[in-house]
Each structure stands twice: as C-alpha cells, then as structure tokens.
Amino acid sequence: MPEQDLIAELRWRGLIHQVTDEPALAKQLASGPQTVYIGFDPTATSLHVGSMMQLMMLRRFQQFGHRPIALVGGATGMIGDPSGKSEERNLLTAEQLQENIAGVREQISRFLSFDGDNAAILLNNFDWMKDFSYLDFLRDVGKNFPVGAMMGKESVRARLGSEAGLSYTEFSYMLLQAYDFVHLCKEYDCQIQAGGSDQWGNVTAGIDLTRRMLGRQVFGITAPLLTTSDGRKMGKTESGAVWLDRDRTSPYAFYQYWINVNDEDVMRCIAYLTEIPRDEYDSLAESTQSDPGRRVAQKRLAEWMTQFVHGDEGLNAALSASKILFGGEIERMDDQALVEIFADVPSQELSRDLLSGEGFWIVEAFQQAGLAKSGGEARRAIKDGGAYVNNQRVSDMDQRLTESDLASESVMVLRKGKRNYALLRFTGR
RNA sequence: GGGGGUUUGCCCGAGUGGUUAAAGGGGGCGGACUGUAAAUCCGCUGGCUACGCCUACAUUGGUUCGAAUCCAAUAGCCCCCA
C-alpha cells in the first residue's frame with residue numbers, strides 16, 4: 001500500500017482528533033517507513049474495548065508499512081496517569097502489576113505482526129526507568145519541564161480545580177511518559193506517538209521534551225475517544241467493562257455487546273475498530289439508513305469483532321448461543337451442549353431428590369436459581385407472566401418441577417424476563 | 001453556648017391520631033409493541049408457611065381503644081444569633 005494513504009485512511013475513519021504539524025508529519029510519512037508508538041496502561045490483566053482503538057491504530061500503521069512499538073507501562077503503571085481521572089488512583093501492588101503486564105503483553109502480541117521488515121516491537125518502559133536515579137532524573141529530565149507549562153495541561157488543571165486534588169506523584173506522571181518518547185526516539189528512531197485524545201497533554205509533553213533533549217522534531221497524533229452518541233464511554237455494561245479476555249467477557253457476551261450497539265453509534269464503531277474497507281462501510285451505512293430494522297451493520301460489526309478477538313470458534317460459539325437464547329425451544333438437549341451454550345449463566349447445583357415425590361416448588365426454584373431475591377419476587381414474576389422454564393412460560397404459582405421438566409439429563413433452564421437465565425443442575429442422589 | 005427547623009420505603013417527596021404497607025415522581029423488575037433497539041403504553045415494586053399473618057415512617061420511652069402522625073429524651077442534618 002502506498003504510504004501517503006495512511007493519513008487519508010485515518011481521516012475517513014474519523015480517527016484523527018488532533019495532530020501536531022500535519023503537513024510535516026504527512027511529509028515524514030511519505031518519505032518512508034516510520035516508527036510509531038502507543039503506550040498501554042497495565043491497569044488490569046486484560047485490555048478492554050477502549051484499548052482496541054489504540055491496538056487497531058498500531059495495526060493500521062503497520063499495514064501501511066510502518067513499524068509499531070507497543071509500550072507497556074510497567075514504570076508509568078506504578079505511578080498512575082491522572083489524565084481523565086477525577087480522583088487520585090490507588091497504587092497497584094508489585095505483584096498485581098507484574099500479572100497485569102504479562103496479561104497485557106500477551107494480548108497485544110496477538111494483534112500485531114512480529115514478522116517482516118516492519119515487525120512490531122513490544123517494550124516495557126520499566127526496563128529503562130528502573131536504573132534511572134531520582135537525582136539523575138530531576139537533573140536530566142525535570143530541568144526541562146517548566147512548571148508553568150505543566151500547570152497548563154488539562155489533566156492537571158482539572159484535578160487542581162477539584163476537591164480530589166493531585167498528588168506530587170501523579171503530577172510527575174507526564175515526565176515519565178514524556179521521557180519514554182525521548183528514549184524511543186533515541187533508541188528506536190521513533191518519531192510518532194499516537195494515543196487517545198485524553199493523551200494529548202502527555203503526547204505534547206513528550207514532543208517538547210524530545211525537542212529540548214535531542215533537538216529533534218517528533219510528532220503526535222490522537223484519536224477520538226470511543227463514546228456513544230450521547231457522550232458516554234463505550235465498552236461498558238452494567239456488569240462492567242467489556243474485556244478482550246474470554247475469561248472476563250465470554251465470546252457470547254462480547255458478541256452481544258456489539259449486536260446491541262445503537263444505530264447512531266454503529267457506523268462509528270465500524271470505522272474506528274474494524275478493518276472493514278470503505279466500500280463495504282458505505283453500503284453498511286446505506287443499509288442502516290434505509291432499513292435499520294435488519295441491523296446489517298450491527299451484525300457485521302459483532303461478527304467482525306468477535307472473529308477478530310476470539311477467532312472462528314469463538315464466533316461460532318457466540319452465534320449458536322445467541323440463537324438458542326433468543327428464541328429457540330429448549331428440549332431434548334444434552335448436558336454438555338446446554339452447559340456450553342449457557343456458559344455465562346449462573347448455575348446452581350441441587351439435589352436430584354428434590355424432583356422426586358411432590359416435586360420442587362417453582363417459587364422455591366426461582367429463588368434458589370438466584371432469579372428472585374424473595375418468594376414474593378418469584379411469585380410476582382410468575383403473576384406478571386415473566387417466568388419461564390426451558391423457555392416456556394409458567395403461569396401456575398403452585399407448579400411443581402419434576403424430572404419431566406429437565407431439559408437434558410440433569411439440567412433445567414430457568415428464565416425471568418427476556419434475558420435473565422439461570423441453570424439448575426440436579427445431581428447426586 | 002442560645003433559638004428555630006428537619007429526619008418517611010432503593011432515591012426524591014406527600015402525609016399531622018383511625019379504610020396508611022403509607023399519595024406522587026424517579027429508579028428497578030415484568031408484560032405488550034418492536035429491530036435481541038429507542039420511544040411509547042400497561043402492571044408490579046417490605047417479608048412470610050400468603051385471601052391471613054408479621055415487620056416498617058431516625059432511635060428509645062410515653063399518651064391513647066388506636067400513632068408515621070401527639071409528648072419526652074437521644075442521635076444525624078440544616079439555618080439564625082453569639
């Protein structure tokens with residue numbers, strides 16, 4: 001692919017929020033392969049969909065022949081970036097940080113190519129920060145930071161104006177990140193730092209520092225944040241963030257998240273997060289416009305994302321689970337298949353004896369399954385017509401469950417409302 | 001330190017002696033509609049061995065046949081004077 005198209009590619013996808021000296025950067029990009037870096041905070045053992053933007057950004061650079069550096073913030077993670085945070089962060093423990101770094105590294109490595117002329121590089125800034133003494137750092141780096149300029153940064157101003165305040169530690173964060181850029185520029189000839197728009201302050205701090213310390217012009221480019229049309233951050237559900245790690249967010253839940261994206265947001269997600277090309281994008285946009293009910297764009301987005309993050313088998317699992325959970329009869333299935341499909345659903349093990357004799361009272365069953373906090377709540381669900389056993393509505397308050405109500409050898413599928421499922425497994429004797 | 005006010009169910013907020021498990025709104029949960037959406041509409045929203053019983057209106061103790069409603073003390077919050 002011709003290098004000069006990168007900017008155009010990023011632009012039509014809406015991925016350029018701010019750039020420093022765009023004409024010079026365009027020239028630089030056109031002059032040959034460049035090295036670009038993005039930092040990732042090891043705040044958890046997994047990245048979430050918010051970080052996908054950054055990951056994809058590196059991929060896009062790589063696809064256009066540039067060399068990406070993914071920097072895991074082992075050192076900066078010890079401090080905590082105040083950008084966009086309204087309160088002082090708790091410091092992570094050393095062990096926690098180690099685990100996080102390992103998890104994040106593993107994930108990043110899955111999405112970049114480590115072969116060829118422009119093989120990606122994975123670094124940890126702890127490696128060059130660990131031997132930097134406090135005194136040396138103050139003399140070499142700190143000296144180049146006018147406090148006035150630091151005070152002007154949005155991330156600092158926001159916090160100083162609030163009750164939460166800002167510790168010296170977090171105040172110093174930007175020096176560390178800025179120095180990363182200097183280091184990468186010196187050691188890897190890295191001249192571009194990318195990131196989310198909340199990183200603008202840190203990025204420009206790095207650019208200034210590089211100019212002062214190395215006398216070199218380097219560039220910054222930030223992408224917009226992934227937000228919904230009403231301004232909220234995307235990638236959050238009631239139960240928390242949407243993670244890339246299948247143990248935290250199953251392929252099914254991941255798929256469902258994207259399927260449910262609003263019409264107003266879906267095209268932006270496709271542009272920002274996928275590599276679906278322009279012409280298909282246009283036809284999806286057209287379809288969303290003319291026939292929103294079919295949700296062609298949502299399906300494509302969910303499919304692409306799930307496939308990309310969880311592979312073919314992840315996507316297949318998500319698709320088959322979705323099919324059953326949103327309609328299908330549940331009958332004559334086997335334990336194995338049921339448990340797989342309902343992998344996300346809470347389950348309870350109960351004694352099989354409950355099913356013999358009189359049977360197991362439906363109200364009690366819903367309580368045990370965790371679908372109702374009290375008997376009253378369970379009764380209400382039944383009265384309101386919102387209680388289902390194996391996807392069939394229950395109307396009789398006094399119903400007793402027996403072996404004939406099992407959906408498979410030992411499992412019963414209870415549901416309250418549209419989507420609240422729970423499994424009861426009747427085992428033992 | 002003195003004076004006044006306030007305290008209600010998940011939240012806000014009516015209610016000043018008896019059909020009050022407590023108006024109304026929000027939220028939540030169901031249902032209908034729908035596109036596994038949004039909007040809209042409807043129902044439910046203390047517990048239980050459930051047409052009955054129990055526990056609830058800051059806490060404790062009183063008055064009364066009967067109190068969330070009256071009295072007293074205690075605690076929290078708010079305001080005014082010093």
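A note on names: the letters A, B, ... follow the listed sequences, proteins ahead of strands, and every chain is numbered from 1. Note that this is a predicted model, so its numbers are computed, not measured.
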Could you give me the CA-CA distance, side-chain angles and deciding distance for A:Trp243 and A:Phe254, then say whether ring pair (Phe, Tyr, Trp, His ring centres under 6.0 Å) is met? CA-CA 8 Å; A:Trp243 301 96; A:Phe254 189 81; over 10 Å; no
Over how many whole Å does the gap from [X] atom [atom1] to [N] atom [atom2] extend?
| X | N | atom1 | atom2 | result |
| --- | --- | --- | --- | --- |
| A:Met397 | B:U49 | CE | C1' | 15 Å |
| A:Asp398 | B:C51 | CG | P | 11 Å |
| A:Lys299 | B:U36 | NZ | C1' | 10 Å |
| A:Phe366 | B:C29 | CZ | P | 16 Å |
| A:Gln289 | B:G35 | CD | C1' | 16 Å |
| A:Tyr257 | B:A37 | OH | C1' | 14 Å |
| A:Arg415 | B:C29 | CZ | P | 15 Å |
| A:Leu301 | B:A37 | CG | P | 17 Å |

Work out how far the [atom1] atom of [N] is from that of [M], and round it to whole angstrom.
| N | M | atom1 | value |
| --- | --- | --- | --- |
| B:G46 | B:C41 | C1' | 28 Å |
| B:C11 | B:G28 | P | 15 Å |
| B:C71 | B:U64 | C1' | 12 Å |
| B:A56 | B:A68 | P | 10 Å |
| B:C80 | B:G25 | P | 35 Å |
| B:A21 | B:U55 | P | 14 Å |
| B:C77 | B:U8 | C1' | 15 Å |
| B:G18 | B:C78 | C1' | 33 Å |

Return the set of residues passing salt bridge (Lys or Arg N to Asp or Glu O under 4.0 Å) with A:Glu95 (not counting sequence neighbours), or none when no residue passes.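 Here no residue qualifies.
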Taking salt bridge (Lys or Arg N to Asp or Glu O under 4.0 Å) as the test, write out the residues that go with A:Asp265, two or more places apart.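 A:Asp265 satisfies salt bridge (Lys or Arg N to Asp or Glu O under 4.0 Å) with A:Arg268 only.
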Which parts of residues 370-377 of chain A get close to RNA chain B, meaning a heavy atom less than 4.0 angstrom away?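 Here the set is A:Ser374, A:Gly375, A:Gly376.
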Donor-acceptor pair under 3.5 Å, A:Arg379 side chain vs B:A50 base: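 Such a pair is found, so the answer is yes.
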Classify [X] by what it touches in the nucleic acid, base, sugar-phosphate, or nothing, heavy-atom distance under 4.0 Å.
| X | value |
| --- | --- |
| A:Gln298 | base |
| A:Gly293 | base |
| A:Arg393 | sugar-phosphate |
| A:Lys416 | sugar-phosphate |
| A:Arg294 | nothing |
| A:Asn420 | sugar-phosphate |

Could [X] and [Y] be called an ion pair, given the rule that one side-chain N must be under 4.0 Å from one carboxylate O?
| X | Y | value |
| --- | --- | --- |
| A:Glu22 | A:Arg11 | yes |
| A:Glu170 | A:Arg159 | yes |
| A:Glu275 | A:Arg60 | no |
| A:Arg246 | A:Glu313 | yes |

Assuming nearest nucleotide by heavy-atom distance, tell me which of A:Ala381 and A:Glu364 is located more 5' along RNA chain B.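 Result of the comparison: A:Ala381.
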Of A:Gly385 and A:Gln367, whose nearest nucleotide on RNA chain B comes first from the 5' end?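 Nearer the 5' end of the strand: A:Gly385.
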Would you please enumerate the stems RNA chain B participates in, each stem being three or more consecutive Watson-Crick or G-U wobble pairs with both distances under 3.5 Å?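 Counting only runs of 3 or more consecutive pairs, the stems involving RNA chain B are B:1-7 with B:75-81, B:10-12 with B:24-26, B:27-32 with B:40-45, B:46-48 with B:52-54, B:58-62 with B:70-74.
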List every contact pair, protein side and nucleotides 41-44 of chain B side both N or O, where the distance is under 3.5 Å.
none

Applying salt bridge (charged side-chain N to carboxylate O under 4.0 Å, His left out) as the test, list every pair that has at least one member in residues 39-54 of chain A; sequence neighbours left out.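 Residue pairs with at least one partner in residues 39-54 of chain A: there are none.
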Looking only at side-chain atoms of A:Pro292, point me to the closest of B:G31, B:G35, B:A37.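 For the A:Pro292 side chain, the nearest candidate turns out to be B:G35.
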Please tell me which of the listed nucleotides, B:C29, B:U36, B:G31, lies nearest to the side chain of A:Tyr255?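 Of B:C29, B:U36, B:G31, B:U36 is nearest to the side chain of A:Tyr255.
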Is a side-chain N or O of A:Asn125 found less than 3.5 angstrom from the main chain of A:Ala75, in a donor-acceptor match?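 Side chain of A:Asn125 to backbone of A:Ala75, a donor-acceptor pair under 3.5 Å: yes, one is there.
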Can a donor-acceptor pair be found, under 3.5 Å and without considering hydrogens, that links the side chain of A:Tyr272 to the backbone of A:Leu15?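 No; zero donor-acceptor contacts below 3.5 Å.
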Does a side-chain N or O of A:Arg419 approach OP1 or OP2 of B:A37 to a distance below 4.0 Å, or not?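 Yes, because at least one side-chain N or O of A:Arg419 sits under 4.0 Å from OP1 or OP2 of B:A37.
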Does a nitrogen or oxygen in the side chain of A:Tyr388 sit under 4.0 Å from OP1 or OP2 of B:G31?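 Yes, such a contact exists.
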Geometric cation-pi criterion A:Arg352 and A:Phe426, 6.0 Å radius, 45° cone: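 No, a cation-pi geometry is absent between A:Arg352 and A:Phe426.
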Yes or no on ring pair (Phe, Tyr, Trp, His ring centres under 6.0 Å) for A:Tyr37 and A:Tyr188, after CA distance, side-chain angles and deciding distance? CA-CA 10 Å; A:Tyr37 106 87; A:Tyr188 296 89; over 10 Å; no
Hydrogens and angles aside, do A:Asp335 and A:Ser410 bring a side-chain donor and acceptor to less than 3.5 Å of each other?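 There is such a pair between these side chains.
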Sort out for me which residue in A:Leu58, A:Ile192, A:Ile121, A:Asp180 forms a side chain to side chain contact (heavy atoms under 4.5 Å, CB included) with A:Ile69.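 That would be A:Ile121.
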Syn or anti for B:C51 (syn when the glycosidic angle lies within 90° of 0):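 With its glycosidic angle within 90° of zero, B:C51 counts as syn.
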